Amino acid sequence: MSIVIYNTLTREKETFQPLEEGKVKIYVCGPTVYNYIHIGNARPAIVFDTVRRYFEYRGFDVQFVSNFTDVDDKLIKAANELGEDVPTIAERFIHAYHEDVSALGVRKADCHPRVTETMPEIIDFIDQLIAKGYAYEAEGDVYFKTRAFEDYGKLSHQSINDLRSGARIEIGEKKHDPLDFALWKAAKKGEISWESPWGKGRPGWHIECSAMAKKFLGDTIDIHGGGQDLAFPHHENEIAQSECLNEAPMARYWMHNGYININNEKMSKSLGNFVLVHDMIKEHDPQVIRFFMLAVHYRNPINFSNELLESAKTGLNRIRTAYENVKHRLSISANLAQNEEKWTKKIEELRQDFIREMDDDFNTANAIAVLFEAAKEANLYLQEENTSTTVLSAFIGLFEELTGVLGLTLTKEEELLDEEIEALIQERNEARKERNFARADEIRDELRAKNIILEDTPQGVRWKRQS
RNA sequence: GGCGGCAUAGCCAAGUGGUAAGGCACGGGUCUGCAAAACCCUUAUCCCCCGGUUCGAAUCCGGGUGCCGCCUCCA
């Protein structure tokens, strides 16, 4: 079996064929770091982190690159408003980005290039485009000749003549054609700038990704990802730049994740209807947020609300509880093997189901359904009087393996075992032996008030902290 | 005006030709001193509407309705 990916370029699911056997090169457009990220921005981070993890799980050597746009109009605007300089702001929000996203279980990319650190390559890229006749200078700006690239529109399936260029794009007087877009912008007075053959200025937005992908991954990469709203014009422009220069396809597979909506409308900074990850992880378990996002297929929109997050929390807890149940039994179980073969086989089936679902365009929604099934099977197994440590361990291994692929963790940081709690449980046990249930319940209520939940299992009392 | 997506139970959500996964919520039961956790059962005769193709469609085709997105910075 192999992995199938929905390719925006062809609008079809295609069997993944790596450029180089056993290797995957992935480039994902990262954030412009002028503010904290909102949960809509977090979606591609989570989605492509999961894609990366899955490729690794399937034995691929993954090269994962994701950039930071650390200089552009918005950063300059923010700098002016805050009275700080661009690098300071960029640095602050790059730091915040890593913090927010790592709380959500997103691993760092192999490489996080920044625009300001890729300046020579960007300038060289533009220079070569001019040399090849695909771009021209105009009073310190450099523009790409969109109509010179005959495949323009192939990603978003737009005909170049149908674009509402005149109507909505402000036609710069310097442009020869309204469809042309900026590769280099001349610096205005006092703006942060870099020296270039065309004078002081800074790169346009699209060129950075073309330059970085080329620099770190090569002329053609396997997968290029990002949010749906980047398909046009950002990715379309990247393709134009890169393919004109390199004369090779920029990426073989283009993946685009759907939006997070609020009240059925796209969450965006411009609409103002956003929730910052920074704030949200103070209120909610970040793992629940990740679980919530992965419970929907990555290409479909997610309507966000606190109610749905609560429901996701209950769901994730169900899986966590099953895992804890198995662990608890393992810690007290003697190895009385029974039906080992049957259960080992069952566990392997679950693993294969999971792989089958993930192979199908990373269907995490169905993969999570397999986790629920695993939870159910594990709980059923625990109803048997005698359990095998082999099977219990296999269940634990399965849970850890599969949730690991999704970037989910099942345990929270172990809090110190409170001797007072243990003592109270002891006292309650005594009370129960004496059938002094009033006192027993009192102790249980007391502990519950401190978020300690007691469970009287056939194998003894266990306690846990409420999540 | 161009391009695209979505519409499945109270809610969320898979499924794209073979007779409706899963989760949350609800109800009944088992277990328990009572709980907790767990398990079992129940919950859409049907997948926005109207036609068509087919032995057979939620799934394909045509038409319609509604919602959303891109075409401007945006994940």
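Numbered from 1 within each chain, the chains take letters A, B, ... in sequence-line order. Scope of the values below: all heavy atoms of this structure, side chains included, with no hydrogens, waters or symmetry mates. Every value quoted in this text rests on a predicted model; they were computed, and no experiment measured them.
- Comparing G28(B) with A36(B), their P atoms are spaced 14 Å from each other, to the whole Å.
- For the pair N264(A) CG and G5(B) P, the computed distance is 17 Å after rounding to whole Å.
- Rounded to whole angstrom, the span from the CD atom of Q158(A) across to the C1' atom of G69(B) amounts to 12 Å.
- Listed pair K464(A) / A36(B) fails the phosphate criterion, with no side-chain N or O lying under 4.0 Å from OP1 or OP2.
- Base contact: N257(A) has a heavy atom under 4.0 Å from a base atom.
- For G22(B), the OP1/OP2 oxygens have no side-chain nitrogen or oxygen of K376(A) closer than 4.0 Å.
- The CD1-P distance, from I452(A) to A37(B), rounds to 15 Å in whole Å.
- Both thresholds, 5.5 Å between centres and 30° between ring planes, are not jointly met by F372(A) relative to the base of G22(B), so the two rings are not stacked.
- Each of T32(A) and A438(A) has a nearest nucleotide on RNA chain B; the 5'-most of these lies closest to A438(A).
- Across the C1' atoms, U30(B) and G15(B) are found 33 Å apart, a figure rounded to whole Å.
- For D441(A) and A35(B), the CG to C1' distance is 8 Å, given to the nearest whole Å.
- Inspection of the N273(A) and E265(A) side chains reveals no N or O donor paired with an N or O acceptor under 3.5 Å.
- Of the possible donor and acceptor atoms, none in the side chain of D110(A) sits under 3.5 Å from a partner among the backbone N and O of V65(A).
- Closest-nucleotide positions on RNA chain B for N41(A) and N366(A) were compared, and the one nearer the 5' end corresponds to N366(A).
- In summary, D73(A) and R202(A) engage in a salt bridge, as defined by a charged side-chain N under 4.0 Å from a carboxylate O.
- At least one side-chain nitrogen or oxygen of R318(A) sits closer than 4.0 Å to the OP1 or OP2 atom of C39(B).
- Counting atom types as modelled, N300(A) pairs no side-chain N or O with a base atom of C12(B) as donor and acceptor under 3.5 Å.
- With P as the reference atom, C26(B) and A37(B) are 12 Å apart, rounded to whole Å.
- For the P atom pair drawn from U8(B) and C12(B), the interatomic distance equals 8 Å after rounding to whole Å.
- Atom-to-atom, CG of D353(A) to C1' of G15(B) comes out at 15 Å; the value is rounded to the nearest Å.
- C31(B) and C68(B) are spaced 48 Å apart, taking the C1' atom of each and rounding to whole Å.
- When the C1' atom of A37(B) is taken as reference, atom CZ of R320(A) falls 16 Å away, rounded to whole Å.
- Between U54(B) and A14(B), the two C1' atoms lie 26 Å apart (nearest whole Å).
- Residue S156(A) is in sugar-phosphate contact alone, with no base atom involved, counting any heavy-atom pair closer than 4.0 Å across all strands shown.
- For the pair L371(A) and L406(A), the minimum side-chain heavy-atom distance is below 4.5 Å.
- Rounded to a whole Å, the CZ atom of R444(A) is 15 Å from the P atom of U32(B).
- A donor-acceptor pair is defined here as one N or O able to donate and one able to accept, closer than 3.5 Å; such a pair exists between the side chain of K25(A) and the backbone of L217(A).
- Distance, E324(A) CD to A36(B) C1': 15 Å, rounded to whole Å.
- Not one N or O on the side chain of H224(A) forms a donor-acceptor pair closer than 3.5 Å with the backbone of C29(A).
- In this model, the phosphate group of G15(B) is approached by a side-chain N or O of N363(A) to a distance below 4.0 Å at OP1 or OP2.
- The separation of A21(B) from U32(B), taken at their P atoms, amounts to 33 Å, rounded to a whole angstrom.
- As rounded to the nearest Å, A20(B) and C48(B) have P atoms that lie 16 Å from one another.
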